[in-house]
Structure formats: structure tokens, C-alpha cells
Amino acid sequence: MLVGGTIRQYAVLVVISVMLLQAIMAVTLLRLPTVLPAAFAGAGFKLGRPARWIFGLLTLIASIGFSFLAVADSLQYGIVYLGVLALGALYYLVRRRVVAGRGGDLDRVLREGSATEG
């Protein structure tokens, strides 16, 4: 299904992907000061609280809106994309459980980085 599509169908998949990334960045913008206050304090550039909320919410609303428009435009490809996304989420959950079974903490590594990172 993903092979042999039209350029328009591929463009829809790209739009959905970019909008998903934008939505994640918007949530990060809103949550960073409370989840990682040290990282926020050390940032070279900071938006004030009102600007963070205005830009974060507007970005989140626009991203979700354009994602819905893209899925509505090409419902079949939107469903395939959401299925691939669900498989990725399932893989993450299974991998997290496997790592925890071996005594590791995947969430901590993702949050703080691993010892092998520079």
C-alpha cells in the first residue's frame, strides 16, 4: 500500500509526520520547566510563561487540526499511518518491559541519557 502511491499520498504521510513532531514539541515546550527544571534553567534562550503557553497551545491546536485534515483527505493512508504509529508504541512498551526485566530503566535512560553518551 505504501509502495506505488501518488506524490500527493506521500505528501499526506509527510504532513501527518511533521504535525506529529510539532505536537510533541509543543507539549515539550509546555512541560519542560516542570519536568526538567535544571535543563530549562540552563537554556540560553527562554520564553516567558505567557509566551510559552500561547505558542505552545497554538502550535498544538494547529498541529492536531492539520493532522485531522490530512487524515480526512486521505483516510486510507491516515489509517495505515496510525497503525504504524501504534506498532511503534507497542514496540516501545514491549522493549521497556524487556529492559526492566533485565534490571534496567529505559525511562531513566531516555530522560537522563546513558553513561556512553558524550
Side-chain angles (χ1 to χ4, degrees):
M1 171 171 213
L2 294 177
V3 177
T6 66
I7 191 71
R8 186 170 192 263
Q9 291 166 329
Y10 289 122
V12 168
L13 293 177
V14 171
V15 166
I16 295 171
S17 299
V18 170
M19 291 300 105
L20 176 64
L21 289 174
Q22 286 291 112
I24 291 169
M25 287 190 299
V27 171
T28 301
L29 177 66
L30 297 174
R31 297 201 55 207
L32 185 63
T34 54
V35 175
L36 294 172
F40 183 72
F45 174 79
K46 294 179 212 149
L47 290 173
R49 182 180 170 93
R52 272 196 329 271
W53 279 95
I54 290 169
F55 289 119
L57 289 177
L58 287 176
T59 301
L60 189 60
I61 291 167
S63 297
I64 291 171
F66 279 114
S67 293
F68 281 126
L69 288 174
V71 169
D73 181 62
S74 183
L75 187 59
Q76 187 178 15
Y77 276 78
I79 291 171
V80 169
Y81 184 82
L82 293 175
V84 170
L85 192 63
L87 285 174
L90 180 65
Y91 172 77
Y92 168 76
L93 293 173
V94 169
R95 183 69 182 151
R96 193 169 93 182
R97 177 172 255 169
V98 168
V99 169
R102 295 180 181 167
D105 185 0
L106 184 59
D107 291 332
R108 183 190 57 77
V109 171
L110 292 174
R111 192 173 42 252
E112 299 171 6
S114 69
T116 59
E117 290 181 356

What closest approach, in Å, do A23 and S63 show between heavy atoms, and which atom pair accounts for it?
N-OG, 3.7 Å

Establish whether L20 and L75 are linked, either directly or via other cluster members, by ILVMFWY side-chain heavy-atom contacts under 4.5 Å.
yes

4.5 Å side-chain heavy-atom contact, L30 and L57
yes

Shared hydrophobic cluster for L13 and I79 (ILVMFWY, side-chain gaps under 4.5 Å):
yes

Taking atom OH as the centre, does Y92 end up with more than 12 heavy-atom neighbours from other residues, nucleotides or ligands that are less than 6.0 angstrom away?
yes

Output for pair (L29 CG, I54 CD1), nearest 0.5 Å, gives 11.5 Å

F40 atom CZ: more than 12 heavy-atom contacts under 6.0 Å:
yes

Same cluster (ILVMFWY, side-chain, under 4.5 Å), Y91 and V98:
no

Nearest heavy-atom approach of M19 to A62 is SD-O, 4.5 Å

Of all heavy-atom pairs between G56 and A26, which one has the smallest distance, and what is that distance?
O-CB, 3.4 Å

Take atom CG of L87 as the centre, draw a 6.0 Å sphere, and report whether it contains more than 12 heavy atoms from other residues, nucleotides or ligands.
yes

Sidechain-backbone polar pair: T34 side chain, R31 backbone, donor-acceptor under 3.5 Å:
yes

With sequence neighbours excluded, residues passing salt bridge (charged side-chain N to carboxylate O under 4.0 Å, His left out) with R95
none

Give, for atom CG of L60 and atom CH2 of W53, the distance between the pair rounded to the nearest 0.5 Å.
10.0 Å

Under a 4.5 Å side-chain heavy-atom rule over Ile, Leu, Val, Met, Phe, Trp and Tyr, are F68 and V27 clustered together?
yes

In this structure, would V18 and V15 fall into the same cluster of hydrophobic residues linked by side-chain contacts under 4.5 Å?
yes

Minimum side-chain heavy-atom gap L85-I16 below 4.5 Å
no

The reported gap from CD1 in I64 to CG in L69 (rounded to nearest 0.5 angstrom) is 12.0 Å

